[in-house]
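Have a look at the structure below, then the notes.
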Amino acid sequence: MPVFAGERLCSIDDCIAGVGTYSRHGYILASLAGYVLKKNEGEELPVISVVRETEAQLLPDVGAIVTCKVTSINPRFAKVHILYVGSTPLKDKFRGTIRKEDVRATEKDKVEIYKSFRPGDIVLAKVISLGDVQSNYLLTTAENELGVVVAHSEAGAQMVPISWCEMQCPRTHAKEFRKVARVQPEYLQA
Amino acid sequence: MPVDNKRVCGPEESQSPWLFLQQTRGQPTWVPQTRESERRADSRRRRGQVDARPMFARCGLVSQAKGSAYIEAGNTKLICSVYGPRETERKDELDMRAGRLVCAFRLAPFSCAKRCPWIQGSQEKDLTLSLQESLQPGVCLHRYPRSQIEVNVLVLENDGSALAHAITCASLALADAGIEMYDLVIGCSLRQDGAAYLLDPTCCEETGDESTENQGSLTVALLPALNQISGLLSTGEMKEATMVGAIRVCVEGCQRLYPAAQQCLLKSVRRKVHARSTDVDVGR
């Protein structure tokens, strides 16, 4: 059933407000123009939500896993462009920062950014904070599953990961240092 | 001192030519009267209208924008496109907790009787501020921290009450873009001339004589489902009782325009479903 923004859906005693709705004056009203979805989640009341056909515009939230591309590096931090939140692509790029102390979980002070990331690498990271007035989103790769997933060597070929801190170029067989992500085997594609 | 001989100097003392004109009520003779406007002007004179012009609204026509809407009311035509949420360019303290609405109201150079320059004049900046003020209470900005939503309204033909229709158009475009809103914002304007008032005035009805007292124009932006007024812009001098009455008439006008806006939005939602093959469950 299509609804418009501001339409009264039901009273607050009948359902719980879900995505795309809000409650006011004891009623649940839609906040999106879309279709109403009522689901029984197993709690006492069904959850009512409004969905639109296009993907919901996701914003990077604290704790979300994001896919980003490194744009510039600096001995203290790496600047990235956030491209995907989870598996939904973003229409506009958001900027993020990975600080030196957030690259690894162990030996945080001995990290060298030049040996962990290079401009152009695709990195899986997690959002730790939305940042304050001056900074961008703060990201971390201090977990085994986070880090560089795709990187190109200086010769231009896509490198193959050897260990958690090294990747090798298949053309020149040169090894380069990166903070590599341990991707689960079922997600690896040939 | 070099004197410019080519310029014709005007007299030192000058007076407004309006003082010497005969008192005509509300009908400036320089506007060419088409048959329709004459018919409407006649019916206006006879009835003292509280009916707004019938509105045509359509969503989703600008393919590059996130959401868009087009409104036609009489001869007034406007188009609005919404982009966002995007990362904010400037960072203030307030951006961190909630998003920001950046509005731009433009009159196309060919929209008015006299050609407007492309550079934004002070009138456009004023109307932009009013537009932003009216739309802000309707949008759930706290759901979009650190982002900005851009709303661009372009008036293609200005035949009166441009701001009121711009507010309606912008809120339809925001809803079409999937931005979460508390409610649609509907705008309505009124022209008060002495004891008579006209709802949703056309361009020639908007200009009256300055000599009558208790005259002015009023634009009201309303959130109909929550019954809250989000914007009020008034020019001219009106008595208090007249102003209160005028606001009430405008609010009723907004309520009457609400179903048209709802229908337009529902049509666009249905059209999107037919356009894409969806895997979303559609159900009650």
Side-chain angles (χ1 to χ4, degrees), chain A residues 1-10 15 17 19-25 27-40 46 48-62 81-82 85 90-96 127 129-138, chain B residues 59 66-67 83-88 91-97 99 138-140 143-149 171-172 174-185 223-226 258 261-284:
Chain A
M1 193 183 69
V3 294
F4 52 86
E7 186 172 340
R8 205 171 281 181
L9 297 174
C10 59
C15 305
V19 170
T21 58
Y22 69 100
S23 66
R24 186 68 69 94
H25 299 315
Y27 288 100
I28 295 185
L29 299 104
S31 64
L32 280 181
Y35 277 87
V36 177
L37 206 61
K38 216 167 179 178
K39 271 195 284 210
N40 273 304
I48 194 162
S49 57
V50 179
V51 287
R52 274 175 74 88
E53 289 63 36
T54 51
E55 311 99 28
Q57 175 70 32
L58 235 57
L59 286 181
D61 206 6
V62 178
H81 272 331
I82 301 177
V85 175
L90 291 179
K91 293 232 173 79
D92 298 297
K93 293 191 289 260
F94 283 84
R95 278 174 287 199
V127 181
S129 128
L130 300 176
D132 58 352
V133 179
Q134 292 304 325
S135 70
N136 309 313
Y137 283 95
L138 279 178
Chain B
C59 290
K66 188 94 190 291
Y83 298 88
R86 283 193 178 155
E87 202 173 13
T88 37
K91 293 179 169 63
D92 305 319
E93 197 49 59
L94 307 155
D95 285 342
M96 299 302 116
R97 277 166 277 129
V139 182
C140 301
R143 303 258 174 116
Y144 302 101
R146 282 188 75 114
S147 314
Q148 74 180 21
I149 298 167
S171 64
L172 281 175
L174 281 167
D176 184 51
I179 309 279
E180 297 206 29
M181 300 176 73
Y182 292 115
D183 193 10
L184 292 175
V185 190
L223 283 89
L226 306 170
Y258 191 36
Q262 288 172 4
Q263 285 308 312
C264 158
L265 213 48
L266 292 178
K267 255 191 235 173
S268 89
V269 168
R270 276 192 210 107
R271 207 182 314 129
K272 281 205 173 104
V273 174
H274 290 308
R276 287 166 66 111
S277 53
T278 54
D279 347 271
V280 175
D281 311 334
V282 170
R284 291 193 170 254

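Both the backbone and the side chain of Leu184(B) come within contact range of chain A, each with at least one heavy atom under 4.5 Å from a heavy atom of that chain. Heavy atoms of Ala177(B) lying under 4.5 Å from chain A belong exclusively to its backbone. Only the backbone of Lys93(A) has a heavy atom closer than 4.5 Å to any heavy atom of chain B. Contact of Val3(A) with chain B is made through the backbone alone, with heavy-atom distances under 4.5 Å. Only the backbone of Ile179(B) comes within contact range of chain A, judged by heavy atoms closer than 4.5 Å.
Using modelled atom types, no side-chain atom of Ser31(A) and backbone atom of Glu180(B) make a donor-acceptor pair closer than 3.5 Å. Within the 3.5 Å criterion, the main-chain N or O of Tyr182(B) finds a donor-acceptor partner in the side chain of Tyr22(A).
For Gln262(B), the side-chain contact (heavy atoms from CB on, under 4.5 Å) partners at least two apart in sequence or on another chain are Phe4(A), Tyr258(B). Among residues two or more places apart in sequence or in another chain, the side-chain contact (heavy atoms from CB on, under 4.5 Å) test is passed with Pro2(A) by Tyr35(A), Leu266(B), Val269(B), Arg270(B).
In this structure, Asp183(B) does not pair ionically with Arg8(A), as no charged nitrogen and carboxylate oxygen lie closer than 4.0 Å.
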